Colleague: 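The structure is given below, and queries will be raised subsequently.
Remember, predicted model here, so these are calculated numbers, not experimental data. Just so it is clear: chains get the letters A, B, ... in the order the sequence lines come, proteins before strands, and each one is counted from 1.
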Amino acid sequence: MTQTHREPLAKAYDPSAFEAAIYERWLAADVFPPDGAGSTADDALPPFVIIQPPPNITGSLHLGHGQRTTVEDVMIRHARMLGRPALFLPGLDHASIAAQFVLDGILAREGESRQSLGRERYLERMRAFINETRQVILTQQRRLGGSCDWGRLRYTMDEGSARAVRVAFRTLYERDLAYRAEALVNWCPGCRTSVSDLEVIPTPETGTLWRVRYHVLDETSGRPDPERWITVATTRPETILGDTAVAVHPGDTRYAGLVGARARIPFVERDVPIIADEVVNPAFGTGAVKITPAHDHDDHATGRRHGLPMPTILDEAARVADTGTPYDGLDRAEARARIVRDLAARGDLEGEAPHEMVIGRCQRSNDVIEPRLKTQWFVRTAPLAEKALDATRSGTTRILPARFEKEWEHWMTNIRDWNVSRQLWWGHRIPAWYCPDGHVTVSADPDGPSACDTCGRPAAELRQDPDIFDTWFSSGLWPFSTLGWPDATPDLERYYPGSVMETGYDILFFWVARMMMLGIELTGEAPFETVYLSGLIRDPLGQKMSKTKGNVVDFLGLIDDVGADALRFALIHGAAPGADVRFGSAKVEQARNFANKLWNATRFVLGARPSTIPADGERRLPEARHLGPAERWLLSRAAATVEAVDAAMGEHLFGEVTRVLYESIWGEYCDWGLELAKVRLQDESLPAEAREATWWALVEALDTYLRLLHPVMPFITERLWGELPHRTGDPDLLIAARWPGQVARDHAAEAEVEALIELVRGIRNARAEARIEPGSWLPVDVALPASLGPAFATLEPVIARLARARPLTRHVSREALAGLAARGGLTVIAGELEAVVGRDRADAITDALERARLEKELGDAERLLDAARARLANEAFVAKAPPAVVDGARAREAELADQVERLRDRLGRG
RNA sequence: GGGCGAUUAGCUCAGCUGGUUAGAGCGCAUGCUUGACAUGCAUGAGGUCACUGGUUCGAGUCCAGUAUCGCCCACCA
């Protein structure tokens, strides 16, 4: 395949100049869908399916989303390059409560409200609103380079999801896994709906603990005795109006005589029993507790045990209602203040004290949650959780990092039934109908039931439940509802269960748990093999990013500044799985610089093509017989990088992937590979074949690095790869190219070149320490073992240039070198190699500095030698450590001893 | 009240199954317009791996405890 040359690489790396165009090329080539026209997937391989949490349709992506999309995209691109049919299905979540919260805010600014519009107009407004917002997130994902199969875009409120919701609910109902019951639910007065336990955030606050006297009834008169009372402690005096008992601990002798008596509740003037119950902690407060069964979880349980009445005294907006007192109509806070005041006036307020407490607030609106009695739909979770636990315990589904499995176990084993009813409008209406006789009919028919299941009354007489489902109910079906379930579609057959579900650990229970429970129950299979939990992105101060804090980073702005590649790299570099990351500009700059480095390195390679190689020729593997040690080293290091990246990818260690690539590309390929190659490419004395081989080796290694880096930095690698000569069989686009295969390392070449690199480093170091003019050329005499002779001979001009050595003379023995050292100069000891820099150049070299340097080196070497000797002197070490370790220690000792001896020699302290 | 995690260079963080001299980026110091790159190059300084004990020939790594910070779960008014 002949490659088409487009515009040559610009001198400066400017991602904004090509990222959008690259994305368009991918789209045009139809390579994102596993079954797209441009897909090069091998259908014999198992599909790889990533499951992404569909972002809220009304929002915009923040850096956390960016990180996750990146991680997901890294996995999908890697799988695609391995030839697997790779599905990355994009989606949006209607996010009922979150969306309503956003819209309600907008309406409030317009002077409207949910109530003023009414259900139908409100929903119309919502649809208009999401039509505006839905594009935001999709655009962001594109800008970031997400290689999603856009043709399969789904939405949790589309017809497919709606049907899945109805069928799922009916199925649960038929299996007695969904039931309707009156229960105390968490009520948010701001959102005017119940919320699940998970949505209640325990918030520490300093409240007040009031002590209130309830007068005990006189047995004969039946009237409250002004002289006898029982004092209760409460943090919520307004709930006095709903009290139906006073409880004390059965063993509490202080109150033993009062149990069985009755007390008068003030204001409502209700007479209630004084009961004994184990829940009461006699050490807390006064040891007597007022019981409000309709507005407190503990009290509700107590009320049930004792068969107490449960009057509701707060309405939907948490105003006092139906108490027959003057407090009716007051907000709970105001009612509290008045009641406290009135109690004091009556002389029944015994005292008050500040009190540290934990209060439940709404995750969404931050309102104080008010427990309230409601008839709601619940999902019976115990049997579902049991199956979910089976899946994780058996390894059918793995949770990464593994430590989250413990949290999972704990939560799943203590799970409570899931309240799925929400008194909201934006969402899936619960498909339950009630007939006048109270019969319940659950139907999956989009038009509802035709008649009551129980008594046959016609549909016209049935009334549908006004509530909608918790938003997580529909997203809990996501892994299969998006593939056509409940129908047995080819997609469902092929792409279910998914491979990896990636999300932040903060929604492990909200979402992952629900998908697992519903998925297993409804499809018979766990919905994914691996749960990969990412950490949270935090700001540079370690705070969670949030709009209210104003520390949310402008995602598209960052891409405008540094490019999507740099952002992607920065988001996963140096991050351990599941660990939170502080994200600051330093990371982005590092990533941008890395991209810039790669850009310029490629420009160099392209510009260094020997004139004997045609510009548009196909790529050739360099011929082995023309390869020198530097080329063999370069190719072997590329092979080593393939091994390291494969290992890291296999374990989902993406931070390790970027670390390895950064180090290999910058520290090896650019710092040494290109520098070594430069001299040879310019060396006219070499045969053309040798120079060609050097260039082909550069191209070969660069090709490998671009492939390895592509999942992380897809745009720049695609752009640069397009400029490289391709091999026969390569596709036009890197995204569809194959992942590098593992090739054999050349350990001999690696050792040789690394020894020579150490020599160059040593010479540079000595020169710098001796404060020698960097540009000056000094004679260098080198002694090296015979085994390194050929490599040195080949690379001699390279070493000469990198070390500023002229002339560079090789000596066969150290003895010869020792004689030279006596004539002045710097001594360099680099492993087995040794060099003298600047003999006879007393003008350039300060003897005192050189002696100081050598003294320091000697000191270091002696210390290390002592440690090595001490280690070997330990008989237990020699006897018990593995032979390889002992051998290594011996070699180390010998090397150090040799070094010490040579340094002493030079310092005249033989 | 339970459970989990973190504590490594001035800062932000890697360090997998225990094994030579603990790494990176930024920052810092010194010096370089080296024909890919100053978004760069070279060289360097900087760490009793929170503390105490234990296991081991050998511990940043494993175990126990302590301290500090963070997170999750939990019905004490």
Colleague: Write down the distance between CZ (A/Phe654) and C1' (B/C16), rounded to a whole number of angstrom.
Modeller: 15 Å
Colleague: Name the nucleic acid region contacted by A/Glu875, choosing base, sugar-phosphate or nothing; use a 4.0 angstrom heavy-atom cut-off, strictly under.
Modeller: nothing
Colleague: Side-chain donor-acceptor pair under 3.5 Å between A/Arg680 and A/Thr694, yes or no?
Modeller: yes
Colleague: Closest approach to the side chain of A/Asn596, judged atom by atom: which nucleotide of B/U39, B/A36, B/C76 is it?
Modeller: B/U39
Colleague: Is the phosphate of B/G44, meaning OP1 or OP2, less than 4.0 Å from a side-chain N or O of A/Arg764?
Modeller: no
Colleague: Under 4.0 angstrom, heavy atoms only, what part of the nucleic acid is A/Asp671 near: base, sugar-phosphate, or nothing?
Modeller: sugar-phosphate
Colleague: Looking at A/Glu407 and A/Arg403, is there a salt bridge between them, counting it only when a charged N and a carboxylate O are closer than 4.0 Å?
Modeller: no
Colleague: Applying a 4.0 Å non-hydrogen cut-off, can you work out what A/Gly888 is touching in the nucleic acid: base, sugar-phosphate, or nothing?
Modeller: nothing
Colleague: Side chain of A/Arg403, heavy atoms from C-beta onward: which of B/G5, B/G44, B/A77 has the nearest atom to it?
Modeller: B/G5
Colleague: Please confirm whether the shortest side-chain N or O distance from A/Trp666 to OP1 or OP2 of B/C41 is below 4.0 Å.
Modeller: yes
Colleague: Considering every strand and a 4.0 Å limit on heavy-atom distances, what is the contact class for A/Ile291: base, sugar-phosphate, or nothing?
Modeller: nothing
Colleague: Which nucleotide, if any, forms a Watson-Crick or G-U wobble pair with B/U20, using both distances under 3.5 Å?
Modeller: none
Colleague: Counting heavy atoms from C-beta on, name the nucleotide in B/U43, B/G19, B/A77 closest to the side chain of A/Phe877.
Modeller: B/G19
Colleague: What is the distance, rounded to the nearest whole Å, between atom NZ of A/Lys597 and atom P of B/G40?
Modeller: 7 Å
Colleague: Say we look at B/G40 and B/C57: how far apart would their P atoms be, to the nearest angstrom?
Modeller: 49 Å
Colleague: Compute both the distance and the angle, then confirm whether A/Lys597 meets the cation-pi test with A/Tyr662: under 6.0 Å from the six-membered ring centre, within 45 degrees of the axis.
Modeller: no
Colleague: Across all strands shown, which nucleotide pairs with B/G65 by Watson-Crick or G-U wobble geometry, both distances under 3.5 Å?
Modeller: B/C51
Colleague: Indicate, with a heavy-atom threshold strictly under 4.0 Å, whether A/Arg416 touches base, sugar-phosphate, or nothing.
Modeller: sugar-phosphate
Colleague: Check A/Arg804 with A/Glu773, please: is the shortest side-chain N to carboxylate O separation under 4.0 Å?
Modeller: no
Colleague: According to the Watson-Crick and G-U wobble definitions, with both distances under 3.5 Å, which nucleotide is paired to B/C32?
Modeller: B/G40
Colleague: With nearest nucleotide decided by heavy atoms, which residue, A/Glu651 or A/Val878, maps closer to the 5′ end of RNA chain B?
Modeller: A/Glu651
Colleague: Taking a pair as Watson-Crick or G-U wobble with both distances under 3.5 Å, which nucleotide is matched to B/C71?
Modeller: B/G3
Colleague: Both A/Leu674 and A/Val581 contact RNA chain B. Taking the nearest nucleotide for each, which residue is further toward the 5' end?
Modeller: A/Val581
Colleague: What's the gap between B/U7 and B/C51 when it is taken at their C1' atoms, as a whole Å value?
Modeller: 11 Å
Colleague: Consider the side chain of A/Arg659, meaning its heavy atoms from C-beta on, and name the nucleotide among B/A14, B/G25, B/C57 that approaches it most closely.
Modeller: B/A14
Colleague: Using atom CZ of A/Arg801 as one end and atom P of B/C41 as the other, report the distance to the nearest whole Å.
Modeller: 15 Å
Colleague: A/Phe509 side chain: which of B/C76, B/G15, B/C72 is closest?
Modeller: B/C72
Colleague: Below 4.0 angstrom, N of the basic side chain to O of the carboxylate: do A/Glu758 and A/Arg761 qualify?
Modeller: yes
Colleague: Can you list the steps and then say if A/Glu850 with A/Arg853 is a salt bridge (Lys or Arg N to Asp or Glu O under 4.0 Å)?
Modeller: CA-CA 5 Å; A/Glu850 168 65 355; A/Arg853 185 180 68 89; 3.1 Å; yes
Colleague: Using OP1 and OP2 only, check whether a side-chain N or O of A/Lys544 sits under 4.0 Å from B/G70.
Modeller: no
Colleague: Whole Å only: how far is the CD atom of A/Glu350 from the P atom of B/A77?
Modeller: 19 Å
Colleague: Once you round it to whole Å, what is the distance between C1' of B/C37 and CH2 of A/Trp672?
Modeller: 17 Å
Colleague: Could you measure between the two C1' atoms, the one in B/A6 and the one in B/U21, and give it in whole Å?
Modeller: 28 Å
Colleague: On a whole-Å scale, what distance lies between the P atoms belonging to B/G60 and B/G53?
Modeller: 15 Å
Colleague: Nearest 0.5 angstrom please: A/Arg892 CZ to A/Arg871 CZ, how far?
Modeller: 10.5 Å
Colleague: Is it true that A/His355 and A/Phe284 have ring centroids separated by less than 6.0 Å?
Modeller: yes
Colleague: Base, sugar-phosphate, or nothing: which does A/Glu675 touch, judged by heavy atoms less than 4.0 Å apart?
Modeller: base
Colleague: Salt bridge or not for A/Glu769 and A/Lys856, using N-O below 4.0 Å?
Modeller: no
Colleague: For B/C11, give its Watson-Crick or G-U wobble partner with both distances under 3.5 Å, or none.
Modeller: B/G25
Colleague: When you check the phosphate oxygens OP1 and OP2 of B/G40, does a side-chain N or O of A/Asn593 lie under 4.0 Å from one of them?
Modeller: yes
Colleague: Does any N or O donor sit under 3.5 Å from an N or O acceptor when you compare the side chain of A/Lys11 with the base of B/A36?
Modeller: no
Colleague: For A/Arg592 and B/U39, is the shortest distance between a side-chain N/O and OP1 or OP2 below 4.0 Å?
Modeller: no
Colleague: Can you tell me how far C1' of B/G5 sits from CG of A/Asp580, to the nearest Å?
Modeller: 10 Å
Colleague: Check whether the side chain of A/Arg892 and the base of B/U21 form a donor-acceptor pair under 3.5 Å.
Modeller: yes
Colleague: Counting only side-chain nitrogens and oxygens, does A/Asn765 get under 4.0 Å of the OP1 or OP2 atom of B/G44?
Modeller: yes
Colleague: Could you tell me whether the phosphate oxygens of B/G35, OP1 or OP2, come under 4.0 Å of any side-chain nitrogen or oxygen in A/Lys678?
Modeller: no
Colleague: Across the strands shown, which category fits A/Leu198 at heavy-atom distances under 4.0 angstrom: base, sugar-phosphate, nothing?
Modeller: sugar-phosphate
Colleague: Take atom C1' in B/C32 and the same atom in B/A38, then report the distance between them in whole Å.
Modeller: 10 Å
Colleague: What is the nucleic acid contact for A/Arg871, judged by heavy atoms within less than 4.0 Å: base, sugar-phosphate only, or nothing?
Modeller: base
Colleague: Please report the distance, rounded to the nearest Å, between OH in A/Tyr505 and C1' in B/C72.
Modeller: 9 Å
Colleague: What nucleic acid atoms does A/Phe594 come within less than 4.0 Å of, heavy atoms only: base, sugar-phosphate, or nothing?
Modeller: nothing
Colleague: So, A/Tyr13 versus A/Asn593: side-chain donor-acceptor pair below 3.5 Å or not?
Modeller: no
Colleague: Rounded to the nearest Å, what distance is computed from the CD1 atom of residue A/Ile716 to the P atom of nucleotide B/C37?
Modeller: 15 Å
Colleague: Is any side-chain N or O of A/Lys406 under 3.5 Å from a base N or O of B/C4, one able to act as donor and the other as acceptor?
Modeller: no
Colleague: Using atom P in both nucleotides, what's the gap between B/C26 and B/C69 to the nearest angstrom?
Modeller: 32 Å
Colleague: Would you indicate what A/Ala889 reaches in the nucleic acid, counting non-hydrogen atoms under 4.0 angstrom: base, sugar-phosphate, or nothing?
Modeller: nothing
Colleague: For nucleotides B/U52 and B/U48, find the distance between their P atoms and express it as a whole number of Å.
Modeller: 13 Å
Colleague: At 4.0 Å (heavy atoms only), tell me whether A/Val280 reaches a base, stays on the sugar-phosphate, or touches nothing.
Modeller: base
Colleague: Looking at A/Arg582, does any N or O in its side chain come under 4.0 Å of the phosphate oxygens OP1/OP2 on B/C13?
Modeller: yes
Colleague: Describe the nucleic acid contact of A/Asn281 in one word from base, sugar-phosphate, nothing, applying a heavy-atom distance below 4.0 Å.
Modeller: base
Colleague: At 4.0 Å (heavy atoms only), tell me whether A/Pro882 reaches a base, stays on the sugar-phosphate, or touches nothing.
Modeller: base
Colleague: If I pick the P atom on B/A14 and the same atom on B/G5, what distance separates them, to the nearest angstrom?
Modeller: 15 Å
